[in-house]
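Beneath this line is the structure, given in structure tokens, with notes to follow.
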Amino acid sequence: MRMSRLFLKTMREAPAEAELASHQLLLRAGLVSPLAAGLYCFTPLGWRAIQNVQAIIRDEMDRAGGQELHLPALNPVELWEQSGRAESMGDVLFRLADRRERGFVLGATHEEVVSSLVGRTIQSYRDLPFTVYQIQTKFRDEQRPRGGLVRLREFTMKDAYSFDTGWSALDDSYAAMFEAYTRIFARAGVPVIPVAADSGAIGGKDSQEFIFLTESGEDEILLCSNCGYAANGEKAEFAPSAPVEADLKPMSKVSTPGTKTIAELASFLGIEPRQTNKAVFYRADGKPVLVSIRGDLDVNEIKLKNALKANVVEPMDERMVDAAGLVAGYASAVGLSDVTVVADASVVEAKNLAAGANEPGMHYVDTNYGRDWDAQVVADVALARAGDACVNCGTPLETRRGMEMGHVFKLGTMYAESIGVHFLDEDGERKPAVMGCYGIGVERLLAAVLEENHDDNGIVWPAEVAPYDVSVVVLNSEQEAVSDAVNELEPALLAAGLSVLIDDREESAGIKFKDADLLGMPLRMTVSPRSLERGGIEVRDRKSGETEVLAVAAAVARAARASS
RNA sequence: CGGGGAGUGGCGCAGUCUGGUAGCGCACUCGGCUGGGGGCCGAGCGGUCGCAGGUUCAAAUCCUGUCUCCCCGACCA
């Protein structure tokens with residue numbers, strides 16, 4: 001490709017809207033152009049990079065035994081109602097109707113459609129197992145698109161779905177995908193770590209995310225430097241500090257004026273926060289919920305949502321607090337009847353906690369779970385924080401920011417049951433298939449590639465993602481010796497299976513070099529009177545900056561080596 | 001949706017407080033010089049100042065409303 005003909009415009013300065021390095025580079029290098037929030041046009045150069053990312057993914061999916069297929073983006077809304085996600089994914093779905101007012105959604109993911117397809121197709125255990133995948137556009141009406149390609153409303157996702165006869169077989173399919181993911185991210189030049197994760201709206205059991213650790217990430221990750229425990233903050237477990245041990249004391253009511261916070265209460269009573277029982281109010285699918293948790297801990301809303309099997313959990317607004325008869329600052333489950341109570345494991349184990357008396361200015365002291373109050377749900381709903389003890393080894397956990405690059409999880413039979421994917425086993429018994437699903441965001445992966453692979457001068461493409469293998473900078477092309485050399489070099493590179501971007505523009509040398517650095521192809525070859533004087537083609541490694549002058553054949557061989 | 005910021009040629013910005021001829025740098029076009037790290041000189045093209053109302057003799061500037069974009073949070077690949 002000749003740059004004089006390439007549809008591309010680079011920019012000296014990044015638009016003010018871009019904050020992330022990847023976003024700035026994408027715009028400066030002209031790889032993308034924004035159309036609206038969360039919607040981007042890809043220019044030919046950017047599209048080549050996307051296609052290269054897809055090629056890596058496709059290659060590894062195929063290697064792992066995946067079979068690519070294609071599914072409609074337009075889905076009948078009934079299918080989503082059948083799985084329950086028309087409601088649970090709610091606002092995220094783009095909805096529309098056809099001319100006969102039949103309802104559709106734009107696929108935000110494809111568990112429903114693939115389940116429907118597979119359900120219509122398989123009959124016997126002999127048809128299993130298999131893993132199918134698609135690399136397709138997904139649509140999500142995100143609350144906040146952001147970070148350039150990090151969070152889009154229309155994006156490409158590689159989604160793989162495994163179908164097995166049982167849970168142990170699923171373990172094998174899952175392991176194969178896990179291995180494929182490790183290889184994909186390594187090839188793309190993005191370091192990732194697997195972490196335990198919440199399975200979110202898609203549902204399921206075991207779930208791991210591949211996280212690219214970066215300060216610009218959206219997720220908080222908890223890590224144990226000792227045993228390697230790693231989990232998303234949504235999911236992270238930890239060992240709360242031990243409760244204060246004591247014999248059970250009788251409960252009594254005390255006046256505690258002006259103690260609406262745990263800190264005030266603990267100070268007033270002369271006890272530690274972990275000797276108090278904190279009440280936090282939520283609205284779960286519209287119903288009031290009181291969460292009872294030890295005063296030194298905070299509530300993890302994701303864990304709470306899962307414990308309640310609720311679709312939506314949000315803090316209770318004041319009106320609802322009043323309607324439920326709760327007294328902010330002085331509430332507890334003691335003597336409360338009309339509100340669902342969720343008890344964190346921490347308050348169930350602890351003894352003699354101070355708790356609200358459900359009237360202003362009053363608290364109980366020495367309340368005990370089971371004796372003085374009860375809960376409909378007991379679960380771990382505590383939020384892990386930096387410094388909390390690792391569940392496995394007790395080492396203080398660290399927190400880091402990270403970007404979710406991929407997610408693998410064991411779905412189980414939920415879609416098989418709701419949509420209908422059944423088979424007859426060896427005994428003639430009808431069973432639901434056990435599914436797994438495995439996603440990677442293609443554009444986001446490209447963003448991470450750039451986030452990780454750049455320097456002050458621009459992009460430093462990993463070989464497999466680079467839009468072209470070689471940039472050729474031509475200087476003084478009006479000199480015959482130079483044009484002859486280019487005319488020999490280009491076909492030789494192409495014949496070696498390399499892709500080449502030749503800068504034949506009428507620009508100064510400085511601009512061409514700056515652009516070559518910005519665009520970041522792994523190798524730059526300069527053809528100029530000076531290089532020819534020195535014996536041929538100047539070959540420069542974008543990453544190391546190492547430069548050598550080689551004859552055409554040697555330069556081609558060098559490039560072939562670099563791209564393999 | 002809550003909080004914060006911003007909308008002025010393709011990009012980066014000034015001008016807004018204190019109303020009065022829309023400006024600068026880059027990019028782009030033409031001419032010349034230069035020719036290995038965004039070079040120099042000259043001449044040009046390009047803007048309903050996000051949009052809609054209002055105040056005023058007069059609005060980029062003041063008032064009201066609205067839209068869009070970015071950042072932080074809640075959600076996801």
Side-chain angles (χ1 to χ4, degrees), chain A residues 9-20 23-24 27-28 30 33-39 57 88-92 108-109 135-160 181 192 197-202 209-212 216-220 232 234 301-302 305 311-315 317 403-409 437-448 457-458 473-479 482 506-518 524 526-531 533-534 538 540 547:
Chain A
K9 190 62 136 180
T10 59
M11 281 186 282
R12 187 177 297 223
E13 294 170 286
E17 69 190 44
E19 206 149 285
L20 292 187
H23 193 189
Q24 294 184 353
L27 294 170
R28 276 234 291 144
S33 179
L35 182 64
L39 301 174
I57 294 172
S88 65
M89 287 192 80
D91 298 338
V92 170
T109 170
I135 301 177
Q136 285 184 239
T137 306
K138 315 269 171 164
F139 300 87
R140 294 184 186 175
D141 194 356
E142 291 289 345
Q143 300 177 42
R144 181 158 92 85
R146 73 166 133 203
L149 297 184
V150 172
R151 185 174 210 75
L152 299 168
R153 291 194 292 179
E154 175 178 332
F155 65 102
T156 313
M157 183 156 95
K158 185 288 297 175
D159 229 350
Y181 273 40
V192 294
D198 181 69
S199 46
I202 294 167
E209 291 170 345
F210 286 79
I211 296 287
F212 166 47
S216 54
E218 300 176 287
D219 294 331
E220 185 169 81
N232 192 306
E234 297 173 344
E301 293 182 18
I302 303 289
K305 188 167 92 172
N311 288 325
V312 182
V313 167
E314 54 199 345
D317 59 38
M403 194 185 286
E404 181 182 354
M405 305 309 309
H407 201 159
V408 293
F409 41 100
C437 77
Y438 318 91
I440 293 178
V442 174
E443 290 88 347
R444 181 181 288 183
L445 178 50
L446 181 64
N457 294 316
V473 172
V474 186
L475 303 176
N476 299 93
S477 60
E478 73 285 353
Q479 293 191 19
V482 172
E506 293 290 329
E507 293 287 359
S508 70
I511 287 178
K512 292 185 181 185
F513 287 135
K514 287 288 185 187
D515 271 347
D517 283 348
L518 174 61
R524 183 187 82 195
T526 306
V527 185
S528 70
R530 188 182 297 184
S531 76
E533 262 171 43
R534 292 180 187 167
E538 180 190 289
R540 180 185 164 95
T547 304

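Predicted, not measured: the structure shown is a model, and the values here were computed from it. Sequence lines set the chain letters: A, B, ... in the order given, protein chains first and strands last, and positions in each chain run from 1.
Here, B/G44 and B/G9 have their C1' atoms 14 Å apart, quoted to the whole Å. For the P atoms, the distance from B/U55 to B/C13 is 35 Å, rounded to whole Å. Only the C1' atoms considered, B/U68 is 14 Å distant from B/A52, to the nearest whole Å. Only the P atoms considered, B/G12 is 14 Å distant from B/G50, to the nearest whole Å. Here, B/C49 and B/G42 have their C1' atoms 30 Å apart, quoted to the whole Å. For the P atoms, the distance from B/G19 to B/G25 is 28 Å, rounded to whole Å. Comparing the C1' positions of B/U48 and B/C1 gives an interatomic distance of 34 Å, to the nearest angstrom. Between the P atoms of B/U8 and B/C51, the separation comes to 10 Å (whole Å).
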If a protein heavy atom is under 4.0 Å from the base, mark B; if only from the sugar-phosphate, S; if neither, -; do that for nucleotides 22-35 of chain B going 5' to 3'.
---BSSS------B
Each nucleotide in nucleotides 2-10 of chain B should get exactly one letter: B, S or -. Can you fill that in based on protein heavy atoms under 4.0 Å?
---------
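A distance-only check finds no donor-acceptor pair linking the side chain of A/R524 to the backbone of A/D517 [under 3.5 Å]. Between the side chain of A/R28 and the main chain of A/T10, no donor-acceptor pair closer than 3.5 Å is present. The backbone N or O of A/E404 lies less than 3.5 Å from a partner atom in the side chain of A/R444, making a donor-acceptor pair. Side-chain atoms of A/K512 come within 3.5 Å of backbone atoms of A/V474 as a donor-acceptor pair (strictly under, hydrogens ignored). Side-chain atoms of A/Q24 come within 3.5 Å of backbone N or O of A/A18 as a donor-acceptor pair.
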For A/E218 and A/R144: C-alpha separation, side-chain torsions, deciding distance, then whether salt bridge (Lys or Arg N to Asp or Glu O under 4.0 Å) applies.
CA-CA 12 Å; A/E218 300 176 287; A/R144 181 158 92 85; over 6 Å; no
Evaluation steps, side chain to side chain contact (heavy atoms under 4.5 Å, CB included), between A/T156 and A/K138:
CA-CA 6 Å; A/T156 313; A/K138 315 269 171 164; over 6 Å; no
Intermediate values then yes/no, side chain to side chain contact (heavy atoms under 4.5 Å, CB included), A/M405 and A/I440:
CA-CA 6 Å; A/M405 305 309 309; A/I440 293 178; 5.9 Å; no
Going through the checks in order, is the side chain to side chain contact (heavy atoms under 4.5 Å, CB included) test met by A/E17 and A/L27?
CA-CA 10 Å; A/E17 69 190 44; A/L27 294 170; 4.2 Å; yes
Could you go through A/D515 and A/L518, starting from their C-alpha distance and side-chain angles, then the distance that decides it, and tell me whether this counts as side chain to side chain contact (heavy atoms under 4.5 Å, CB included)?
CA-CA 5 Å; A/D515 271 347; A/L518 174 61; 4.2 Å; yes
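Between A/R140 and B/C76 there is no side-chain N or O to OP1 or OP2 distance below 4.0 Å.
Nucleic acid contact for A/D91: none, since no nucleic acid atom lies under 4.0 Å from a heavy atom of the residue. Among the heavy atoms of the strands lying under 4.0 Å from A/I302 are primed sugar atoms or P, OP1, OP2 only; no base atom is included. As judged by a 4.0 angstrom heavy-atom cut-off over every strand, A/M403 is placed among residues making no nucleic acid contact. Residue A/E17 is classed as a sugar-phosphate contact, given heavy-atom separations below 4.0 Å to backbone atoms only. Residue contacts for A/L445: at a heavy-atom cut-off of 4.0 Å it reaches no nucleic acid atom on any strand shown. No contact: A/R534 has no heavy atom under 4.0 Å from any strand. Using a 4.0 Å heavy-atom cutoff across all strands shown, A/E301 reaches no nucleic acid atom at all. Across all strands shown, A/G38 has no heavy atoms under 4.0 Å from either base or sugar-phosphate atoms. Using a 4.0 Å heavy-atom distance criterion, A/A14 is classed as a sugar-phosphate-only contact. Across all strands shown, A/E443 has no heavy atoms under 4.0 Å from either base or sugar-phosphate atoms.
If you take CZ of A/R28 and C1' of B/G12, they are 12 Å apart, rounded to a whole angstrom. To the nearest angstrom, P of B/C70 lies 13 Å from CD of A/E142. Atom pair A/E234:CD and B/A77:C1' shows a separation of 13 Å (rounding to whole Å applied). Between A/R153 atom CZ and B/C69 atom C1' the separation is 11 Å, expressed in whole Å. Atoms NZ (A/K305) and C1' (B/C76) sit 10 Å apart, rounded to a whole Å. For the pair A/M89 CE and B/C76 P, the computed distance is 8 Å after rounding to whole Å. Protein atom NE2 of A/H407 is 14 Å distant from nucleotide atom P of B/C75, rounded to whole Å.
With hydrogens and angles left out, the side chain of A/R151 and the base of B/C75 share a donor-acceptor pair within 3.5 Å. Taking only distance into account, the side chain of A/D219 meets the base of B/C76 through a donor-acceptor pair shorter than 3.5 Å.
Under the Watson-Crick or G-U wobble criterion, with both distances below 3.5 Å, B/G46 is left unpaired in every strand shown. Pairing for B/U64 is with B/A52, a Watson-Crick or G-U wobble pair whose two hydrogen-bonding atom distances lie under 3.5 Å. With both pairing distances under 3.5 Å, B/G2 is matched to B/C72 as a Watson-Crick or G-U wobble pair. Pairing for B/C33 is with B/G39, a Watson-Crick or G-U wobble pair whose two hydrogen-bonding atom distances lie under 3.5 Å. Base-pair partner of B/C24: B/G12 (Watson-Crick or G-U wobble, both distances under 3.5 Å).
Under the rule for a ring-ring contact (aromatic ring centres under 6.0 Å, His included), the partners of A/F210 that lie at least two apart in sequence or sit in another chain are A/F178, A/Y181, A/F185. Listed by chain and number, the residues in a salt bridge (Lys or Arg N to Asp or Glu O under 4.0 Å) with A/E13 amount to none (sequence neighbours excluded). The salt bridge (Lys or Arg N to Asp or Glu O under 4.0 Å) test applied to A/E142 returns A/R151, not counting sequence neighbours. Qualifying salt bridge (Lys or Arg N to Asp or Glu O under 4.0 Å) partners for A/K514, counting only residues two or more places apart in sequence or in other chains: none.
For A/S531, the listed nucleotide lying nearest its side chain is B/G36; candidates were B/C71, B/G36, B/A74. Comparing B/C76, B/C72, B/G36 by their nearest atom to the side chain of A/R146 picks out B/C72. In the set B/C76, B/G36, B/G38, B/C76 carries the atom at the smallest distance from any side-chain atom of A/R444. Nearest nucleotide to the A/A16 side chain, out of B/G36, B/C13, B/A77: B/C13. Side chain of A/K514, nearest nucleotide from B/G36, B/C76, B/G37: B/G37.
Both A/L152 and A/P145 sit near RNA chain B, but only A/P145 has its closest nucleotide nearer the 5' end. If A/F513 and A/I440 are placed on RNA chain B by their nearest nucleotide, the residue sitting closer to the 5' end is A/F513.
An aromatic stack links A/F155 and the base of B/A77, using centre distance under 5.5 Å and interplanar angle under 30°.
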